[in-house]
Amino acid sequence: MADLNEIQTLEHDVLVIGAGGAGLRAAIECAARGVNTGLVCKSLLGKAHTVMAEGGMAAAMGNVDARDNWKVHFRDTMRGGKFLNNWRMAELHAKEAPDRVRELEEWGAVFDRTRQGLISQRNFGGHRYPRLAHVGDRTGLELIRTLQDHGVHQGIHVHMECTVLDLLKDGDRVCGALAYWRDTGRFVIFKAKAVVLATGGAGKAWRITSNSWEYSGDGLAMAYLAGAELMDLEFTQFHPTGMVWPPSVRGTLVTEGVRGDGGILKNKEGKRFMFGYIPAKFAAETADTEDEANRWLKGDKSARRPPELLTRDEVARAINAEVKAGRGSEHGGVYLDIASRLPAEQIKRRLPGMYHQFKELAEVDITKDPMEVGPTLHYFMGGIRVDAESQMTTVPGLFAAGECAAGLHGANRLGGNSLSDLIVFGKRAGAGACDFAASAQAPVIDKDQVEASMRRATDILNRESGSNPFVVQDKLQDMMSHNVGIIRTKSELETAVEKLKELSAEAATAKAHATSQYNAGWHTALDLRNLLLCSEAVTKAALTREESRGAHTREDFPGEREEWVKYNVIIKRGNDGDMVVEKRQRPAGPQPLVEIANSKIEDLEAGKVGADYQ
Amino acid sequence: MAQRTFKIWRGNKDGGEFKDYSVEVGPGMVVLDAVHRVQAEHAGDLACRWNCKAGKCGSCSMEINGKPRLSCMTRLNSLPEGTVTVQPLKTFPVIKDLVTDVKWNYEQNKRIAPLKPKPRDADGHHRMMQEDVDRVQEFRKCIECFLCQDVCHVLRDHHKHDQFVGPRFMIRLAQLEMHPLDTADRIPAIRKEYGSGWCNITRCCTEVCPEHIGITDNGIIPLKERVVDRYFDPIAWLLNKIRGKK
């Protein structure tokens with residue numbers, strides 16, 4: 001069918017797929033090492049999902065509270081992740097984040113400042129000290145624009161509005177990818193010695209989500225099909241505060257910065273309910289009266305943190321419970337009140353994005369009235385299993401960084417640890433890919449693989465009739481929201497597995513009309529395979545983990561089970577093509593890190609624990 | 001729920017026409033929701049860019065009832081009753097339907113020299129006071145929706161794409177020029193290469209900016225003033241001559 005010579009072919013040493021924070025940072029690293037680098041993005045450059053991150057990036061620089069250091073950040077990350085994090089990744093992240101943030105400043109980022117003129121840092125859930133470098137509530141925009149403006153001068157070959165269909169392999173190793181240009185619908189082969197995936201999660205499989213259409217799990221699905229192992233996929237983070245009204249913006253993110261800056265959660269009776277949801281594990285470090293919480297906000301270092309700043313999994317479950325108990329707001333959320341906590345001018349200055357978002361989309365003035373908020377699917381803690389140092393997956397030459405990689409966040413991610421994840425591990429993945437490419441043979445493209453991938457894509461346009469891809473996607477979103485939501489049970493998860501089979505059958509006959517040029521129906525149909533594979537992996541992983549930990553809550557298995565912290569759930573493709581789920585024992589953490597993570601904060605800070613470990 | 005008619009431009013670089021689509025509209029809906037409904041129910045191949053659907057990424061720019069807007073931030077109840085007209089940005093070549101070729105903007109950005117920061121203080125920090133970066137941060141709010149580029153007369157009506165980088169990149173330049181750490185001298189290029197003189201201060205760009213950036217008053221006019229100070233102030237002119245500066 002296909003003559004390879006007739007298909008446009010582009011060759012790079014390293015191909016980076018995805019141009020959010022992780023992809024851009026990886027590409028910059030490759031270019032800095034003098035490597036021929038291609039960067040593929042589904043959208044225009046600078047529009048990737050990173051742009052939506054609001055609150056900030058976590059880095060223990062100690063600019064606002066000098067007690068902060070990498071060990072406290074590491075400890076917070078492990079505790080937030082319920083000790084399921086990859087130890088080494090959590091360590092590297094905490095150690096390297098400050099340098100990565102300072103580097104951004106060198107490249108033009110302009111963070112909010114302290115009174116001394118240093119990079120200011122704000123409080124966030126689960127972070128013991130003010131740690132998030134930020135720019136109002138648009139930190140993601142600052143990050144992506146800084147990397148973009150720096151990146152375009154580094155000689156990176158940027159391929160915009162280009163969607164990758166499948167990875168191509170040469171024996172065991174990856175050797176490139178087949179993609180199409182959105183503006184023409186034409187195919188393009190990328191030949192590469194190493195490939196970095198930086199494609200984010202698959203939140204678009206849910207109805208209520210903060211994720212955009214781009215979040216269709218392309219990287220996870222392509223890596224899985226290429227033989228890579230996926231890990232921890234049962235941990236899908238529901239951000240506690242998404243918009244709930246009007247319906248067209250349901251799920252859109254409301255930054256945790258609102259709570260970091262003093263915002264409080266109330267039910268319809270006006271009660272500040274989070275005081276009733278403080279878990280034993282965090283009780284010693286959480287305020288138990290409004291008075292103490294208010295003193296903390298004013299900077300009283302002897303006071304403990306307000307319960308609104310517990311980790312996201314805890315807050316999301318609490319909101320869910322309030323709504324279920326009939327104490328929710330008018331449209332099925334709870335109230336987030338900043339109006340009674342800060343003067344109007346300060347709200348507009350610190351949270352300008354939220355002010356406009358509510359004013360223009362919900363006709364609510366947040367300087368006068370509370371916001372209505374509820375949980376929204378936000379983030380995949382799980383993803384492609386990678387080596388901590390190099391970010392290489394289990395497929396030679398294939399790397400992954402950012403949200404599509406697993407390990408750093410364990411069972412629950414702390415807010416602010418995502419943007420820092422992108423720049424720390426984006427750089428590492430770029431370095432890893434360069435090292436691999438340096439000793440790799442020239443790749444050879446296999447015609448059969450290209451043909452199979454092209455046929456899958458063109459069949460959608462060529463078949464006489466079939467299902468409407470928009471309808472199938474819609475059904476998937478409803479089904480996942482209903483059966484694989486914030487609280488899970490065996491029966492619903494099993495229902496989901498069955499329904500996914502039906503939906504996969506429907507998706508297999510999806511039909512798109514007209515030509516392949518910038519065709520929304522065709523794009524939606526092509527995304528379905530990836531969304532369905534990711535949905536299946538999440539559901540099966542959730543069925544396997546019979547406990548509640550972090551973002552994974554099983555009604556039929558309440559509470560953390562000591563046994564389960566020893567295991568990851570690994571998913572890979574079996575020889576027969578079926579999905580294989582494995583409960584795999586984790587290696588024990590290095591002793592000094594285990595001691596730091598489990599220490600009392602007083603002991604850690606007094607140097608009684610971990611003092612010798614640098 | 002009520003029905004509403006949307007007159008949407010369909011076509012490509014070879015031409016096209018408006019087509020009417022009727023869809024159900026509900027409370028809080030924005031124009032982008034209606035476009036999505038048309039895609040799902042009537043025209044699966046209708047081309048439209050979008051990403052965040054919250055006014056943060058600047059992808060879904062189009063002309064709604066003749067005005068350049070972000071379709072994700074344009075509520076239907078904010079528009080006059082009756083048919084809503086939706087068409088692509090006029091200043092850029094159409095690719096298909098509501099999608100235009102905005103590559104030119106990315107080429108302009110590449111022409112602008114990046115920040116050239118001064119060295120760090122001895123303790124490894126850069127120090128900048130908040131009041132000194134407020135203005136720079138205002139410009140950095142830009143989401144690159146290119147509505148300002150679309151509405152700029154110099155580009156839209158006079159097609160001076162080879163002489164003027166447009167308001168988006170004038171504020172990118174202003175942001176670098178006013179950056180407390182930047183050590184580059186950008187004034188000659190702002191005048192000669194990027195064409196600051198072309199802007200005739202109609203403020204149309206400022207009016208359409210969804211981020212409410214004071215593009216003209218806070219960005220372009222101060223740049224023009226700096227150019228004037230350098231080149232047209234007689235004393236400065238004489239000094240420059242003596243020092244051999246261009």
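Reminder, nothing fancy here: chain letters follow the sequence lines and each chain counts from 1. Just the heavy atoms: all of them, side chains too, but no hydrogens, waters or symmetry mates, feed the values below.
Within residues 42-60 of chain B, the residues having any heavy atom less than 4.5 Å from a heavy atom of chain A are, in residue-number order, G44(B), D45(B), L46(B), A47(B), C48(B), R49(B), W50(B), N51(B), C52(B), K53(B), A54(B), K56(B), C57(B), G58(B), S59(B).
If you measure heavy-atom distances from R138(A) to chain B, the contacts under 4.5 Å come from the side chain alone. Of the two parts of L45(A), the backbone and the side chain both hold a non-hydrogen atom closer than 4.5 Å to a non-hydrogen atom of chain B. For W245(A), the part lying near chain B is the side chain, with the backbone staying farther off; criterion is any non-hydrogen pair under 4.5 Å. Looking at M160(A), only its side chain comes within 4.5 Å of chain B, counting heavy atoms on both sides. Contact annotation for R182(A): neither backbone nor side-chain heavy atoms come within less than 4.5 Å of a heavy atom of chain B. With a 4.5 Å cut-off on non-hydrogen atoms, D474(A) does not touch chain B at all. Interface residue A520(A): backbone and side-chain heavy atoms are both found under 4.5 Å from chain B. If you measure heavy-atom distances from A362(A) to chain B, the contacts under 4.5 Å come from the backbone alone. For N468(A), the part sitting under 4.5 Å from any heavy atom of chain B is the side chain, from C-beta outward, and nothing else. Residue R250(A): no heavy atom, backbone or side chain, is found under 4.5 Å from chain B. Contact of T146(A) with chain B is made through backbone and side chain together, with heavy-atom distances under 4.5 Å. Interface remark: Q148(A) contributes side-chain atoms only to the contact with chain B (heavy atom separation under 4.5 Å). In this structure, the portion of P117(B) lying under 4.5 Å from any heavy atom of chain A is its side chain and not its backbone. Within the 4.5 angstrom heavy-atom criterion, no atom of D123(B) approaches chain A.
Separation of atoms CZ (R145(A)) and NZ (K141(B)) is listed at 14.0 Å; rounding is to 0.5 Å. Rounded to the nearest 0.5 angstrom, I95(B) CD1 and Y518(A) OH are separated by 7.0 Å. For the atom pair CZ (F111(A)) and NE2 (H126(B)), the distance works out to 12.0 Å, reported to the nearest 0.5 Å. Separating the CD atom in E360(A) from the OG atom in S78(B) is a distance of 9.5 Å, to the nearest 0.5 Å. Atom CZ of R111(B) and atom NE2 of H153(A) lie 11.5 Å apart (nearest 0.5 Å).
Salt-bridge check for K96(B) with D183(A): failed, with every basic side-chain N at 4.0 Å or more from each acidic carboxylate O.
Side chains of H356(A) and E211(B): a donor-acceptor N/O pair is absent below 3.5 angstrom, by distance only.
Among all heavy-atom pairs drawn from M29(B) and S248(A), the shortest one is CA-OG, 4.1 Å. Taking all atoms of both residues into account, the shortest heavy-atom contact from P27(B) to P246(A) is O-CB, 3.8 Å.
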| message | I'd like to know whether L141(A) forms a side chain to side chain contact (heavy atoms under 4.5 Å, CB included) with R140(B), so could you lay out the CA-CA distance, the side-chain angles of the two residues, the decisive distance to 0.1 Å, and finally the verdict. | response | CA-CA 9 Å; L141(A) 173 67; R140(B) 291 186 67 84; over 6 Å; no
| field | Verdict with supporting geometry, H125(B) and E105(A), side chain to side chain contact (heavy atoms under 4.5 Å, CB included) | value | CA-CA 10 Å; H125(B) 287 289; E105(A) 198 171 45; over 6 Å; no
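Contacts with chain B were tallied for V51(A), L118(A), I144(A); L118(A) has the most, counting heavy-atom pairs under 4.5 Å. Contact count versus chain B (heavy atoms, under 4.5 Å) is highest, among V152(A), D149(A), T252(A), for D149(A). Contact count versus chain A (heavy atoms, under 4.5 Å) is highest, among I143(B), L181(B), D132(B), V136(B), for I143(B). Residue with the most contacts toward chain A among E131(B), H212(B), Q175(B): H212(B) (heavy-atom pairs, distance under 4.5 Å). Of all the listed residues (C142(B), A113(B), P180(B), C72(B)), the one sharing the greatest number of non-hydrogen pairs under 4.5 Å with chain A is C142(B). The greatest number of non-hydrogen atom pairs below 4.5 Å with chain B, out of E142(A), H513(A), E54(A), is found for E142(A). Highest contact tally toward chain A, considering only Q137(B), M129(B), K116(B), is held by Q137(B) [criterion: heavy-atom pairs under 4.5 Å]. Ranked by heavy-atom pairs under 4.5 Å with chain B, the list S120(A), G140(A), S212(A), G521(A) is led by S212(A). Comparing H150(A), R115(A), Q473(A), E363(A) by heavy-atom pairs within less than 4.5 Å of chain B, the highest count is held by E363(A).
With R75(B) contributing its side chain and L361(A) its backbone, the two residues share a donor-acceptor pair below 3.5 Å. Between the side chain of R113(A) and the backbone N or O of M128(B), at least one donor-acceptor pair lies under 3.5 Å.
Both tests do not hold together for K47(A) against Y106(B): distance to the six-membered ring centre under 6.0 Å, angle to the ring axis within 45°.
D112(A) is listed as a side-chain neighbour of Q130(B), based on a closest heavy-atom distance under 4.5 Å.
The number of heavy-atom neighbours closer than 6.0 Å to CZ of R120(B), taken from other residues, nucleotides and ligands shown, is above 12.
The salt bridge (Lys or Arg N to Asp or Glu O under 4.0 Å) test applied to K103(B) returns D101(B), not counting sequence neighbours.
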